[in-house]
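Only one structure is covered here, and it is reproduced in the block below.
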Amino acid sequence: MPSNAEIAERFREIADLLDVLGERFKPEAYRRAARSLDDLPEDISAYAARGKLRQIPGIGEALAAKVEEYLRDGRIAYRDRLAAEIPSGVVALMKLPGLGPKTARRLWVELQIDGPQALREAIDAGRLAGVKGFGDRKVALFREAATAPAPVARLPLWEAYETGTGLVAALRERVPLDRVELAGSLRRARESVGDLDLLTTSPNPSKVMEAFTTLPEVREIRLKGPTKSTVLLASGRQVDLRVVPAESFGAALQYFTGSKEHNVKLRSRAQRLGLRVNEYGVNRGSTRLAGATEAEVYRALGLAEIPPELREDRGEIDAAEAGRLPRLLSAGDLAGDLHVHLPPGAGAEEAADAARSARDLGHRVVGLVLPPDATPEGFGRLRRDVGAAETGLRILWGVERGWKAPAWGGAPAVDFVLLTPSGPDPPEGPPPAGGFPGVSTVLAHLSLDRSGLGESDPVRSEAWIDWAAARGIALELPPTAARDGLDSTSARAARERGLPLVVTGLSERRCDPKRLQVAVALARRAGLGPADVRNVSESPLWPAPELTPARPGPPVERPAAPSAGRRRRSRP
DNA sequence: GCCGTTTTCGGCCCGACTGTTTTCAGTCG
Ligand SMILES: Nc1nc2c(ncn2[C@H]2C[C@H](O)[C@@H](COP(=O)(O)OP(=O)(O)OP(=O)(O)O)O2)c(=O)[nH]1
Ligand SMILES: [Mg+2]
Ligand SMILES: [Mg+2]
């Protein structure tokens with residue numbers, strides 16, 4: 001859906017330009033519409049053709065006209081006029097850390113500074129000295145902002161999770177803390193995370209701030225106050241810490257988890273109810289109604305507690321009011337992980353270790369995955385040697401098979417095949433030989449990634465979902481999202497198509513509960529419940545696809561029939 | 001520019017930190 005993204009980008013440009021002009025609410029109106037376009041499940045031109053543009057949240061008469069103009073002309077005259085009036089460098093100035101629309105405009109209008117480079121030169125030439133409101137400290141800050149390297153890119157969720165949990169552990173080592181949570185986009189399980197947001201309660205906030213800002217990995221202190229500090233790590237990654245009293249922990253967690261748009265909607269709702277919501281609690285006048293837990297905060301607003309993964313202002317507040325929030329998957333629902341890699345040439349010991357790691361987590365089933373060069377003979381030996389050594393855990397054997405791999409040459413059959421694509425798009429023509437008939441198949445290591453951030457390219461993910469749906473092939477939700485499988489947006493679409501879905505940790509040698517936890521969070525973000533996920537059952541396999549047999553299929557050992565009530569696939 | 005179980009016009013979330021401010025503006029979360 002290229003035009004959705006293009007129009008969203010044009011609207012965001014307009015928003016930035018209007019910011020520079022000092023407009024108050026219009027910029028947010030354009031950003032809201034841009035976000036709606038990003039969230040749209042279909043190409044915007046389909047809405048335009050049906051005359052339904054105005055039904056998109058944040059699109060009214062004026063913006064609908066601009067969408068139509070772009071679809072017709074490939075440009076929006078209003079944007080072009082603004083862009084001609086305001087040098088792009090002024091927008092760049094506004095985006096420097098610590099500078100905003102007011103400063104950028106003043107620099108431009110009063111001092112003819114039209115970009116970061118010009119700002120640095122002006123400062124070095126002393127042109128800012130004595131200008132009202134620009135004292136020495138501010139000028140120094142401007143210069144630093146103008147010469148600092150560009151801010152680091154967003155981090156894929158899984159990496160943010162590792163950095164974040166490491167940081168929490170480091171902080172706990174140095175100072176006693178009551179409660180600590182990672183909040184922000186990480187807690188919401190966004191596929192990409194900009195900064196890390198930490199919330200704590202402590203009887204001694206200043207001690208916590210001191211410990212936080214002096215952590216060895218801290219390169220620079222951006223802000224430091226009694227309740228809030230911001231630092232940059234050596235990596236350039238920003239971390240925000242907020243400390244609040246224990247009785248405000250729930251309200252603060254609600255605030256710091258966001259999203260911003262969710263918070264604004266919630267607080268507007270509170271206003272209507274005669275209430276005020278902030279990070280310290282819910283209040284009516286000077287009476288405090290809630291604050292210790294998030295559930296309390298939502299209840300005070302007449303809402304069911306909204307899972308963090310859904311807090312994006314995409315209708316979840318109305319759903320919470322109506323009691324229509326979905327029952328989401330939780331880690332405890334899973335019977336086991338279906339994607340634990342065994343190393344090349346793994347023997348019985350390694351396989352047994354992997355199985356035991358799963359059993360020790362209380363799992364009832366594990367999918368052990370052989371590397372692509374595995375052979376039926378080697379697999380036969382491995383399975384025999386592992387034998388009945390394991391108790392209380394069912395092993396399902398899978399093998400990764402490349403698209404062009406020769407068909408699996410004979411018995412014994414594995415329990416499932418992880419078919420790995422060789423290119424970015426589904427191929428035309430006959431189905432691959434890598435799989436084989438009669439065996440459940442999942443597309444694995446599917447890379448739909450658009451930007452290296454775990455977010456899928458909507459066009460390609462739709463193509464793969466179509467391809468898999470037509471063949472009864474399952475799709476995978478790994479902790480790395482679109483790098484290796486579905487992200488939450490495409491998982492939502494796949495669920496609507498009724499595809500078999502598996503939530504996996506995609507780990508090496510051992511079942512990794514932390515990776516599984518992240519994958520579950522992504523599944524929750526997709527709105528998936530236990531009924532949508534195959535591996536909630538210890539018989540998680542799904543019907544085998546229809547692939548062209550390369551040779552008569554070997555006898556297939558199916559330890560158990562797939563559960564009843566499975567969805568039927570349809571041919572295209 | 002959008003939007004409506006108080007509004008079709010008047011609102012549009014609320015607070016922390018910093019700098020230069022003598023009472024607050026700007027930026028950010
Ligand atoms: N009420 C309110 N809350 C905000 C605002 N801006 C940010 N927050 C809250 C909600 C955010 O999720 C949280 C953390 O802010 P961040 O800027 O780190 O955003 P977030 O973590 O959601 O996304 P990120 O991946 O860091 O870009 O603070 C705001 O303008 N108003
Ligand atoms: Mg954040
Ligand atoms: Mg933050």
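So that the names make sense, note that chain A is the first sequence line, chain B the second, and so on, each numbered from 1. All of these numbers come straight from a predicted model, not from anything done at the bench.
- Close to dC28(B), at under 4.0 Å from its OP1 or OP2, lies no side-chain N or O of T230(A).
- Side-chain rings of Y255(A) and Y280(A) stay apart, their centers remaining 6.0 Å or farther from each other.
- The salt bridge (charged side-chain N to carboxylate O under 4.0 Å, His left out) check on R174(A) picks up nothing, with sequence neighbours excluded.
- A straight line from CG of L223(A) to P of dG29(B) spans 8 Å, rounded to a whole angstrom.
- The pair D195(A)-R237(A) fails the salt-bridge criterion, with no side-chain N (NZ, NE, NH1 or NH2) lying under 4.0 Å from an Asp/Glu carboxylate O.
- We find that CD of Q55(A) is positioned 12 Å from P of dC3(B), with the value rounded to whole Å.
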Q: Let me have a per-nucleotide readout for nucleotides 19-24 of chain B, 5' to 3', with B, S or -, counting only protein heavy atoms under 4.0 Å.
A: SS----
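- A salt bridge does not link R105(A) to E110(A): none of the charged nitrogens lies less than 4.0 Å from a carboxylate oxygen.
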Q | Summary of protein contacts for nucleotides 4-15 of chain B, nucleotide by nucleotide, where a base hit scores B, a sugar-phosphate-only hit scores S (4.0 Å, heavy atoms) | A | --B-----BBBS
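- Nucleic acid contact class of E321(A) (heavy atoms, under 4.0 Å, all strands): none.
- Residue contacts for L266(A): at a heavy-atom cut-off of 4.0 Å it reaches no nucleic acid atom on any strand shown.
- Relative to the ring axis of Y30(A), R79(A) does not place its NZ or CZ within 45° and under 6.0 Å from the centre.
- The stretch residues 188-216 of chain A comes close to DNA chain B through D197(A), each having a heavy atom under 4.0 Å from the strand.
- Listed by chain and number, the residues in a salt bridge (charged side-chain N to carboxylate O under 4.0 Å, His left out) with R299(A) amount to none (sequence neighbours excluded).
- In this structure, R50(A) is positioned above the aromatic face of Y47(A), its NZ or CZ under 6.0 Å from the six-membered ring centre and within 45° of the axis.
- Comparing G225(A) and P97(A) by the nucleotide of DNA chain B that holds the closest heavy atom to each, the one mapping nearer the 5' end is G225(A).
- If A29(A) and D240(A) are placed on DNA chain B by their nearest nucleotide, the residue sitting closer to the 5' end is A29(A).
- Inspection of the R187(A) and T257(A) side chains reveals an N or O donor paired with an N or O acceptor under 3.5 Å.
- The pair E68(A)-K66(A) does not count as a salt bridge, with every side-chain nitrogen at least 4.0 angstrom from each carboxylate oxygen.
- Residue L96(A) is classed as a sugar-phosphate contact, given heavy-atom separations below 4.0 Å to backbone atoms only.
- Between E309(A) and R524(A), at least one side-chain N (NZ, or NE/NH1/NH2) sits under 4.0 Å from a carboxylate O, which counts as a salt bridge.
- A donor-acceptor pair is defined here as one N or O able to donate and one able to accept, closer than 3.5 Å; no such pair exists between the side chain of D178(A) and the backbone of A246(A).
- Within residues 65-86 of chain A, the residues approaching DNA chain B are K66(A), by heavy-atom distance under 4.0 Å.
- Summarising the base pairing, dT8(B) is matched to no nucleotide, lacking a Watson-Crick or G-U wobble pair whose two defining distances lie under 3.5 Å.
- More than 12 heavy atoms of other residues, nucleotides or ligands sit less than 6.0 Å from atom CD of E159(A).
- Counted by atom type alone, D38(A) and S36(A) present zero donor-acceptor pairs between their side chains at under 3.5 Å.
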